[in-house]
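The structure appears right after this line, and notes come after that.
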Amino acid sequence: MRYWLFKTEPDSFSIDDLAHRPDGTEGWDGVRNYQARNFMRDQMSVDDLAFIYHSSCKVPGIAGLAKVSQTGLVDPTQFEPESKYYDPKATLEQPRWHMVALTFVEKFNQVLPLSMIKQQPNITKLGLVQKGSRLSIMPVAPNEFEQLLELARKP
DNA sequence: GCCAACGTTGGC
DNA sequence: GCCAACGTTGGC
């Protein structure tokens, strides 16, 4: 069992949007970064837990929790010429972009702000706190995950 | 809106 | 295979 963090811009897709999807489930399409793709394709398992992180918004931070509900999916938007995620080099035989589906688990009472995450002396490995890290999907170490979850659930 | 940092592209 | 130029990310 591994732990992850998925960034999303709440203006386009927020933790509330995930919660309101049928079955609280959404294919995480549109990722066009190889490192992030490789995490999804090669390292995720069903029931892995994932923080949903809101970026590029008023209070960037961890907004909720989801779990990986399906793995090994092909991102359909790569084949759609009208999509902004269209990839002309992808073919049905040889897709380039893979994804997983996430299912809503929990929305925190308030967002755990990035500013607070950065103040935690024990959170050092998380990509978010490392300078220049722009990964949209990143692993979270088990002990850091546990610590962040506890912080986020504080009333 | 700024801008630092990063990933990708493409000419050579 | 190098690397400059470009586009994007994302906090502030």
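Order of the sequence lines fixes the chain letters, A, B, ..., with proteins taken first and strands second; residue numbering starts at 1 for each chain.
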> Are side-chain heavy atoms of A:His54 and A:Ser14 found at a separation under 4.5 Å?
Replying inline: yes

>> Between A:Asp42 and A:Arg37, does any side-chain N to carboxylate O distance fall below 4.0 Å?
In response: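 A:Arg37 and A:Asp42: not salt-bridged.
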
> Among residues 111-130 of chain A, which contact DNA chain C at a heavy-atom distance under 4.0 Å?
Replying inline: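 Hits under 4.0 Å, by residue number: A:Leu114, A:Lys118.
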
> With a 6.0 Å cut-off on ring centres, are A:Trp4 and A:Tyr53 close enough?
Replying inline: no

>> Under 6.0 Å between ring centres: does that hold for A:Phe51 and A:Phe145?
In response: yes

>> What is the first contacted nucleotide of DNA chain B and what is the last, in 5' to 3' order, if contact means an atom lying under 4.0 angstrom from a heavy atom of chain A?
In response: B:dA5 to B:dT8

> What distance separates A:Thr8 OG1 from A:Ile52 CD1, expressed to the nearest 0.5 Å?
Replying inline: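 With rounding to 0.5 Å, OG1 (A:Thr8) is 7.5 Å from CD1 (A:Ile52).
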
>> Tell me whether A:Gln120 at atom CD has more than 12 heavy atoms from other residues, nucleotides or ligands lying less than 6.0 Å away.
In response: yes

>> Using the side-chain contact (heavy atoms from CB on, under 4.5 Å) criterion, which residues pair with A:Val68? Sequence neighbours excluded.
In response: A:Met44, A:Asp48, A:Thr71, A:Val100, A:Leu102

